[in-house]
Engineer: 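Pasting a structure here, questions to come.
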Amino acid sequence: MLAAAGLPLLIGLAVSFWHAHRVLHADAASQAQRTLGHIDRMLGNARDTALRVGPRAGMACEDVVLELREQVNSVLFVRSVDLLTNDNEVYCSSLYGNYHGHLDLTAYVDGHLRIAPHSGTQPDATLLVYRNAIDGRGAIVTIDGRHVRDVLSLLDREDVLLSIQVGDVTLGPNGIIDMAVAHTPDTVLRSEQFPVSVLATIPAGTLPKRVVTDYSGVIGVCAMFGLVLVISIQRASKHVRVRQREMVRAMEHGEFVPYLQPLVNAADARWVGAEVLVRWHHPTEGIIPPNNFIPLAESSALITPITRALFRAVAEKLALVNLPKGFRLSFNVSPQHLTDASIISDCDALLAMLGEKRVQIVLELTERELLAAQSETRRILEALHSRGIKIAIDDFGTGHSSLGYLRDFDMDAVKIDQSFVEKIGADPLAERVLESILELAAKLELITIAEGVETTEQRNYLSDRGVPLLQGFLFGRPSPIDAFIVELQSRSAAAST
């Protein structure tokens, strides 16, 4: 019960976490992509500036310093422009004019880009430094780290932390990040133009917070559904328990009443037997059809005593009737009854009550449950066969185990399901399947019975193909046993005159 209540809630939580995870990672990827676009534009400006002033490298600083400063004043994001020779010797700066310095080329990723921890003039400032050199001469363009941090701060959100990485150095909104203690990024986007990557990290605890914030409605609905489900199960369980008690009471009061439907000879429509069916004569609900209580009886272990009571009720009535010789009397039995040794004593009692009447008892095996191929089951079937009792497979062709029963057990007859009979003359494919069933039964020397016969066309089709026994509304509907006996005696009297 608790599992049933918790299942919708667990499903709701799982779906909420899954969806929130997807949304968070999609947001992280989106923010990283936007950030990378801004960084590419900054570095694009730096690259274009380096390409413009690079050819001036080697000229006297006095001749080019004004041009360098003009680039700083006119190009967005550019903080300073320096000229270099011999790959790493800076000799002219837009900030200082003549200036001599040496670059540590190992600090530049791919020889082009680095993040400098401080500017030299402002220890707490970082620089994004772009270098471009051809044949040892070129330019160095710096971008103030504040511009980068401004972009990161602008696009940074509580549930997505952004940073950029060049080589082993990572810059976040608040400065250099120690990646040794930082969380592993959830998204990494690398620029296609520059050796820089944007990292997007979802902080620990963000996912459950997002679920609580955005999915509480879904979780609440699932919890309510679980509660409704529990209430429904409780009511259904209560209904089942009440129904079970009613069925026990019904057996005690004889409310399970036998109905008989005639089984006829296909050649002349003569009544040669009957299938015993059961109806529940409920004191307040009226006549309840078997489909409304047989499954519950089977799951509640009540089907065996109900069948046993049906044996007794039929035998008590027919013991007083002069039945035709070899009259075929068919009962539906469940696998759980047929695998219980009590079926042997039940059939002995049935035969004893019928006395000297030469009646052919047939047990029709239903397929709502699977009959296991065990040695004890075979022993029971052998004992029934030794008493002259026949075993038939009911609704043949529709259950998953019909062919298995033919393989594993000694069967005497198959009863063709009405779903095949009703398609005679209307569905050529169904007719071919039906003919295959009849051919199989003939090869195995099994008696065939067709149920659900409602038209003369169906009767003629089956008779022409050698089906000896028919059953259906064309010959008679199920009726209470007393009414059946009256009609049977009337037909017997008419046949004898």
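No experiment lies behind these values; they were computed from the predicted model shown.
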Engineer: On a heavy-atom basis, which atom in Thr448 and which in Ala441 lie closest, and how many Å separate them?
Structural biologist: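 Smallest interatomic distance, heavy atoms only, reads CG2-CB, 3.4 Å.
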Engineer: Looking at Asp186 and Ile202, would you say the former's side chain and the latter's main chain have a donor-acceptor pair under 3.5 Å?
Structural biologist: yes
Engineer: Hydrogens and angles aside, do Ser300 and Gln244 bring a side-chain donor and acceptor to less than 3.5 Å of each other?
Structural biologist: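 Their side chains do contain a donor-acceptor pair, which is all the 3.5 Å distance test asks for.
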Engineer: After noting the C-alpha distance and the side-chain angles of Glu246 and Arg243, does the key distance pass the salt bridge (Lys or Arg N to Asp or Glu O under 4.0 Å) rule?
Structural biologist: CA-CA 5 Å; Glu246 284 189 337; Arg243 208 59 165 176; 2.9 Å; yes
Engineer: Testing Gln261, Gln418, Glu451 for side chain to side chain donor-acceptor pair (under 3.5 Å) with Gln471, which one passes?
Structural biologist: Gln261
Engineer: Have Glu275 and Asn332 got a donor and an acceptor in their side chains that come within less than 3.5 Å?
Structural biologist: yes
Engineer: Going by salt bridge (Lys or Arg N to Asp or Glu O under 4.0 Å), name the residues that satisfy it together with Asp348, two or more places apart in sequence or in a different chain.
Structural biologist: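 Counting only residues at least two positions away or on another chain, Asp348 forms a salt bridge (Lys or Arg N to Asp or Glu O under 4.0 Å) with Arg387.
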Engineer: More than 12 non-hydrogen atoms from neighbouring residues, nucleotides or ligands closer than 6.0 Å to NE2 on His281, yes or no?
Structural biologist: yes
Engineer: With heavy-atom distances below 4.5 Å as the criterion, would you say the side chains of Arg270 and Pro324 are in contact?
Structural biologist: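 The answer is no, as the side chains (C-beta and beyond) never meet within the 4.5 Å cut-off.
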Engineer: Kindly indicate whether the side chain of Leu171, heavy atoms from C-beta on, has any atom under 4.5 Å from the side chain of Leu128.
Structural biologist: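 Not in contact.
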Engineer: Within the structure provided, determine whether Leu350 and Asp346 are in side-chain contact (heavy-atom separation under 4.5 Å).
Structural biologist: no
Engineer: Is there a donor-acceptor contact under 3.5 Å from the side chain of Ser492 to the main chain of Leu488?
Structural biologist: yes
Engineer: Which heavy atom of Pro290 sits nearest a heavy atom of Pro295, and at what distance?
Structural biologist: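 Smallest heavy-atom distance, with atoms named: O-CD, 3.9 Å.
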Engineer: Compute whether any side-chain donor of one residue and acceptor of the other, for Arg22 and His19, lie under 3.5 angstrom apart.
Structural biologist: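 No - no donor-acceptor pair under 3.5 Å links their side chains.
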Engineer: Could you report the tightest heavy-atom contact between Ile481 and Val314, atom names first, then the distance?
Structural biologist: CD1-CA, 4.0 Å
Engineer: A side-chain contact here means heavy atoms from C-beta on lying under 4.5 Å apart; do Met251 and Pro305 qualify?
Structural biologist: yes
Engineer: Do Leu318 and Ile485 come within less than 4.5 Å of each other through their side chains, counting heavy atoms only?
Structural biologist: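 Contact flag for Leu318/Ile485 side chains = yes.
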Engineer: Kindly compute the distance separating CG (Leu363) from CD1 (Ile391), expressed to the nearest 0.5 Å.
Structural biologist: 4.5 Å
Engineer: Val414 and Leu406: side chain to side chain contact (heavy atoms under 4.5 Å, CB included), yes or no, with the steps?
Structural biologist: CA-CA 9 Å; Val414 293; Leu406 293 180; 4.3 Å; yes
Engineer: Just verifying a value: how many Å separate Leu162 CG and Ile39 CD1, rounded to the nearest 0.5 Å?
Structural biologist: 10.0 Å
Engineer: Take Gln360 and Ser330 through the test side chain to side chain contact (heavy atoms under 4.5 Å, CB included) and record every step on the way to the result.
Structural biologist: CA-CA 8 Å; Gln360 175 62 68; Ser330 299; over 6 Å; no
Engineer: Got a second to check how far Arg149's CZ is from Leu152's CG, nearest 0.5 Å?
Structural biologist: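 The CZ atom of Arg149 sits 9.0 Å away from the CG atom of Leu152.
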Engineer: Side chain to side chain contact (heavy atoms under 4.5 Å, CB included) between Ile294 and Val278: does it pass, once the steps are laid out?
Structural biologist: CA-CA 9 Å; Ile294 290 297; Val278 63; 4.1 Å; yes
Engineer: Could you check whether any side-chain heavy atom of Ile447 comes within less than 4.5 Å of a side-chain heavy atom of Arg328, counting everything from C-beta outward?
Structural biologist: yes
Engineer: Taking all heavy atoms of Pro262 and all of Arg477, pick out the closest pair and write down the distance.
Structural biologist: CD-O, 4.2 Å
Engineer: Side chains of Glu255 and Arg249: closer than 4.5 Å at any heavy-atom pair?
Structural biologist: yes
Engineer: With a cut-off of 3.5 Å and sequence neighbours excluded, list every side-chain donor-acceptor pair involving residues 460-467.
Structural biologist:
residue : atom : partner : partner atom : Å
Asn460  : ND2  : Thr456  : O            : 3.3
Tyr461  : OH   : Glu435  : OE2          : 3.0
Tyr461  : OH   : Arg465  : NE           : 3.4
Arg465  : NE   : Glu435  : OE2          : 3.4
Arg465  : NH1  : Tyr461  : O            : 3.2

Engineer: Going by the angle between their ring planes, with limits at 30° and 60°, are Phe293 and Phe256 parallel, tilted or perpendicular?
Structural biologist: tilted
Engineer: So which atom in Val359 and which in Phe327 form the shortest heavy-atom distance, rounded to 0.1 Å?
Structural biologist: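 What the structure gives for the nearest pair is CG1-O, 3.2 Å.
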Engineer: With rounding to the nearest 0.5 Å, note down the distance linking NZ in Lys415 to CG in Leu469.
Structural biologist: 10.0 Å
Engineer: So, taking the atom named CG in Asp395 and the one named CZ in Phe420, what distance separates them when rounded to the nearest 0.5 Å?
Structural biologist: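 Rounded to the nearest 0.5 Å, the CG-CZ separation comes out at 10.0 Å.
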Engineer: Would you list the atom pairs, donor with acceptor, under 3.5 Å between side chains in residues 421-430 and any protein atom, with sequence neighbours excluded?
Structural biologist:
residue : atom : partner : partner atom : Å
Asp427  : OD1  : Leu429  : N            : 3.1
Asp427  : OD1  : Ala430  : N            : 3.3

Engineer: Could you check if a side-chain atom of Asp408 sits within less than 4.5 angstrom of a side-chain atom of Arg378, using non-hydrogen atoms only?
Structural biologist: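 Yes, close enough: below the 4.5 Å cut-off.
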Engineer: To the nearest 0.5 angstrom, please state how far the CH2 atom of Trp18 sits from the CD1 atom of Ile11.
Structural biologist: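 So the gap between those two atoms works out to 14.0 Å.
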Engineer: Is it the case that the side chains of Asp159 and Thr206 hold a donor-acceptor pair, with the cut-off being a distance below 3.5 Å and no angle test?
Structural biologist: no
Engineer: Below 4.0 angstrom, N of the basic side chain to O of the carboxylate: do Lys443 and Glu439 qualify?
Structural biologist: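 Salt bridge: yes.
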Engineer: Would a distance-only check, ignoring hydrogens and angles, find a side-chain to backbone donor-acceptor pair under 3.5 Å from Gln31 to Leu155?
Structural biologist: yes
Engineer: Look at atom CD of Glu285 and say whether more than 12 heavy atoms of other residues, nucleotides or ligands are closer to it than 6.0 Å.
Structural biologist: yes
Engineer: Dump the intermediate steps for side chain to side chain contact (heavy atoms under 4.5 Å, CB included) on Trp280 and Met247, then the final yes or no.
Structural biologist: CA-CA 9 Å; Trp280 183 357; Met247 292 175 71; 3.7 Å; yes
Engineer: Quick one: closest heavy-atom pair of Gly44 and Phe194, and the distance?
Structural biologist: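 For Gly44 and Phe194, the tightest heavy-atom pair comes out as N-CZ, 3.7 Å.
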Engineer: Backbone N or O of Leu381 within a donor-acceptor pair of the His385 side chain at under 3.5 Å?
Structural biologist: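 Yes, the answer is positive, given that a donor and an acceptor are paired below the 3.5 Å cut-off.
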